[in-house]
Amino acid sequence: MSRPGEQKLKHLFQPGKIGKFVTRNRIKYGACCVSNYNTRDGFITDRELARTKVIAATGCGIITNQGAYPDPLGEGKSYFRQLALFDDKFLPQFETIAGYIHKAGGIAIQQILHAGRYGGIDLGYCVQPSVVPQTLPHFRPPREITKDQIRETVKQHAEAAKRAVRVGFDGTEVTSFMGYLLANFNSKFTNRRTDEYGGSIENRGRFMRELIDAIKQATPDNPLSVRLNGAELMDRWGGNTEDECLELMQQAVDCGVDMISVTVGWQEAPDSSIGRDIPPGHWNYLSARAKKLFPNTLIAFGNKLPDPPMANDCIANGEFDFWEVCRPLLADPDLVHKAAEDRLDEVRRCVGSLNCLSRLFRDLPYTCTMNPALGHEVEPEYHITKAAVKKEIMVIGAGPAGMECAITAAKRGHSVTVYERSDRIGGALLHYANNDLARPEDLLSVVHHYELMSKKHGVQVKLNTEANAKFMRSVLHKYDVAIVASGARVDREALQGIPGAERVVDAMDVACGKVKVGKRVVVIGGGKIGLTLAESLQRQGAEVTVVEREKRIGGDLTPAFKWRHSQWVETLKIATLTSSRVGKITAEGVTVLGEKEGQETFVEADTVIATSPRKANQEVLHEFEWMIDELHVCGDAVAPRGLDQAIAEGYRLGCRI
Amino acid sequence: MSENGAMASTFVGSVGDVGRWQVALAAYKSTFSCLAPGSRIGLVVEAALSDAGRVGSSMLVWQATDQGLRVQAGNFPGFEQTDVDILMVADDAALASMNDSLEADVLATVRRLIRDGKILFFARKTRRDLDNAGYEDLLDQLGFAFMGACR
């Protein structure tokens, strides 16, 4: 413990022990997300290996490699490009991964994941203890698993564990949580069997116990971790209570597991568990209960627990033994090192956008809003390398795209100056974050990060400076490169055909507090900006009506947040008029036209806010064309989209210049 | 005759009155018009899950036909045997709420009850199949967490 942060967080950075292995700290990289980077038939790709090398180097004491399905048929396969471990032919790459982890000083654990109810992705069906149809139609229709299949599945898990250990993994982990196969047996919701595998909790846990026994026998010298729900959040569907979850943990403990990893929620749970709307530390009580009941078994936990100091306190308080962390390390792979070096202020925080998870449900590889290099580690174009030629760079706009580009370019050795017409870094994000109904501080952390890192990397930021043509003439020949990252705005010209359009106020002016709204508000546009503003204003006491041209609101939201916004709109009782457009605006209100001829609604309104259509701020591009050697554009200034693309494009451009 | 040969009755156990449901759902002609003929949505009471297969375990079925939506009654044969695309399971209180709002905006009530967890929702087809059968608008209107990833 020689680094300053290790002294401060001494409980987190103290060595631990799992089985016969000593860990350098109490941090376990959790296999929370499958990457979907591999081949369709389960082979690990170079992309995955490059990604895993980064994971190995995170500094965690234990590294859990993502879940591999154990059966040749693929009934356990839940994700399109999930890795497989049912045959020796897959082993060379697993051996490489174990090598990466050991070389970096970690203990290597291989997770075995039979997805049960969420499996059979290529088969058109899934297997479960009983036929209980899906609550989410993303998944496949169920078939009841037979006793012969149960025996075969247990054997397959044990063989997969043996394979993992044979190529160098120190231990294994099985997934009895989240709605996967073991959890399906454990839960009253999905287990309606009448044989010895169903009914009582003793019977429901039998499959898990048999599986644990089989793996322990197959790999007697290697630790086994079991991931178990502390809460399924499926109570409404007849799932297990929290007390029953503890009883199942007891069964696992009695079978001699080395570690219980406590988790929260099933994939299909109707309540949030890890999104931005759940405060950090919300679920810690579940691990505290487990640790109290099972003092002699290692407990790992990390759901919605993103902060090392909080984890340190939990370990000190005896709430768990290992901090199990994944998503915060997707956002910032250097999180542990920064904590150890007492540089926590530099951490790029996970903002809970759930981009990672949402993409998996579209059968896409996972990405991260905050880490644009995630999944591109194998591509040199995404690496921050020393610039071949040092350039003088000006960036126009201090929003996420501009700041990401500026900081990345500065890291490469360029000299960078950012010009921002407002008085603060952050662009549109700053103002919309303040209106976020979930947790404004999460989104605001992005702004704080840019403020800090621009200083640390010597980026000059000149606020209250509008970079127009006149300004460009004043700095002619000073810069080699100009980056236009000036964002987007409401396209007021597109609204000109509406009688009374001059009464419309701009969403950004409302978001930043420049314009105060009246009691009755109409918001034009039900996308993420419109809904965010509508929710914020309604919460502040306004009566808001959203008018949206499309059939549904939230068309530009990720699936995870579409669901949340729909719920907020409903809870807050915000009126929505879809398939509708504004026909006329007067001092009294807005005439809204429906799809059908003559379909009109009058909505009383004191303020009418336009959030759409939006257009890119590209005017300066043409003017600058003959004033500078290199001219680039990124983020919403290319086309209005949002934070993910702004950060990704800013980073890529910063790496390239 | 209806599902599993049970005689259609005017009043289906505790699920409700077929005639009143028929009239209530007729008000949503445009919502159901996208459904492919043959599409079927079932509504059962929670108790029917444990009573599955017994005569009298009633299920209300909304079936899309060329002539529009037809409400039928039948026996709930259990998860494995039933041939509806979507199954809604309501507790007694939810059922009472729906029956009370049959003359008002019943789908708004259904949406609220789904949101409150008083009606459970099962899909017996994959999302692609449901899309192809024209369910997207209806499920959106009912507030179904269609894409998952709600965590």
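From a predicted model like this one, the values you see are computed outputs, not experimental measurements. A, B, ... follow the sequence lines: proteins, then strands. Residue 1 opens every chain.
- Heavy-atom contacts from other residues, nucleotides or ligands closer than 6.0 Å to CD of E103(B) number more than 12.
- Closest approach of V132(A) to F122(B), counting heavy atoms only: CG1-CE2, 3.9 Å.
- In this structure, CD on E595(A) lies 9.5 Å from OG on S30(B), to the nearest 0.5 angstrom.
- Between chain B and the options Q567(A), R143(A), E144(A), R140(A), heavy-atom pairs under 4.5 Å are most frequent for Q567(A).
- Considering all non-hydrogen atoms of both residues, W237(A) and F121(B) come closest at CH2-N, 3.1 Å.
- Between chain A and the options D91(B), I86(B), V89(B), T126(B), the largest number of non-hydrogen pairs under 4.5 Å is found for T126(B).
- Under the 4.5 Å side-chain criterion, counting only non-hydrogen atoms from C-beta, E136(B) is not in contact with K551(A).
- In terms of heavy-atom proximity, P141(A) sits nearest to R124(B) at CG-O, 4.3 Å.
- Evaluation of the salt bridge (charged side-chain N to carboxylate O under 4.0 Å, His left out) test over residues 107-122 of chain B, restricted to residues two or more places apart or in two chains, returns E570(A)-R111(B), E570(A)-R115(B), R112(B)-D116(B).
- Closest of all the heavy-atom pairs between A123(B) and P133(A) is O-CB, 3.8 Å.
- Taking CD of Q134(A) as the reference point, atom NZ of K125(B) lies at 15.5 Å (rounded to 0.5 Å).
- Within 6.0 Å of CZ on R552(A) lie more than 12 heavy atoms contributed by other residues, nucleotides or ligands.
- When heavy atoms are compared at a cutoff of 4.5 Å, R192(A) approaches chain B solely by way of its side chain, counted from C-beta outward.
- Both the backbone and the side chain of D137(B) come within contact range of chain A, judged by heavy atoms closer than 4.5 Å.
- In terms of the side-chain hydrogen bond (donor to acceptor under 3.5 Å, both in side chains) criterion, residue partners of T241(A) (sequence neighbours excluded) are, by chain and number, E244(A).
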